[in-house]
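Structure, as structure tokens:
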Amino acid sequence: MCLAVPGRVLDIEDRGGTRMATVDFGGVVKEVCLEYLPDLEVGEYAIVHVGFALQRLDEESARRTLELFEDLGMLQEEFGDPWEAADGMTASGITAGGAADGERLVHEDVVGEGHR
């Protein structure tokens, strides 16, 4: 799922003629393009979708939205590291296709019948 997530601008710089910002999304920091909001300043909040700041947002609304997303697990879903999750599964003995330690994974377990 792709969400439009509020974030706070930490830093702004020009990169090859494109205004870019470092944005904090409740603890997750990402690079964001500011071309749609050229007057956005450090410390302000914006709604960000697919790496673009789309709309300025007041701090209270941004914080409430981030708290709600966090409570619903949507920030982890949006920004979580799938490789970290996969490492956690293999550490517990679960691998792709649900195979436990010692079981052999075959191509069909990973890719599936319709993807050959």
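Values reported hereafter were calculated over all heavy atoms of this structure, with side chains retained and with hydrogens, waters and symmetry mates removed. Since the model is a prediction, treat every value here as computed from it, not as a measurement.
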Hey, does the side chain of R19 reach the backbone of L40 with a donor-acceptor pair shorter than 3.5 angstrom? yes
Are the side chain of T65 and the backbone N or O of S61 linked by a donor-acceptor pair below 3.5 Å? yes
[Y] and [X], any side-chain heavy atoms less than 4.5 Å apart:
X: T18; Y: C33; answer: yes
X: L34; Y: I12; answer: yes
X: E31; Y: T22; answer: yes
X: L54; Y: H49; answer: yes

Using the rule side-chain contact (heavy atoms from CB on, under 4.5 Å), only one of D11, V23, L10 pairs with V29; which is it? L10
Taking everything shown except E35 itself, do over 12 heavy atoms lie less than 6.0 Å from its CD? yes
Reported [atom1]-to-[atom2] distance for the pair [X] and [Y], which is rounded to 0.5 angstrom:
X: Y45; Y: L66; atom1: OH; atom2: CG; result: 7.5 Å
X: D58; Y: R64; atom1: CG; atom2: CZ; result: 7.0 Å
X: E13; Y: M20; atom1: CD; atom2: CE; result: 8.5 Å

Evaluate R63 against E67 for salt bridge (charged side-chain N to carboxylate O under 4.0 Å, His left out), listing each step before the verdict. CA-CA 6 Å; R63 290 184 184 276; E67 288 173 10; over 6 Å; no
Tell me, please, which residues at least two apart from R56 pass side-chain hydrogen bond (donor to acceptor under 3.5 Å, both in side chains). D39, E44
I47 and V28: same hydrophobic cluster, using ILVMFWY side-chain contacts below 4.5 Å? no
Which heavy atom of F52 sits nearest to which heavy atom of V32, and what is that distance? C-CG1, 4.0 Å
Might you point out which heavy atoms bring A53 and A46 nearest each other, and give the distance in Å? CB-CB, 4.1 Å
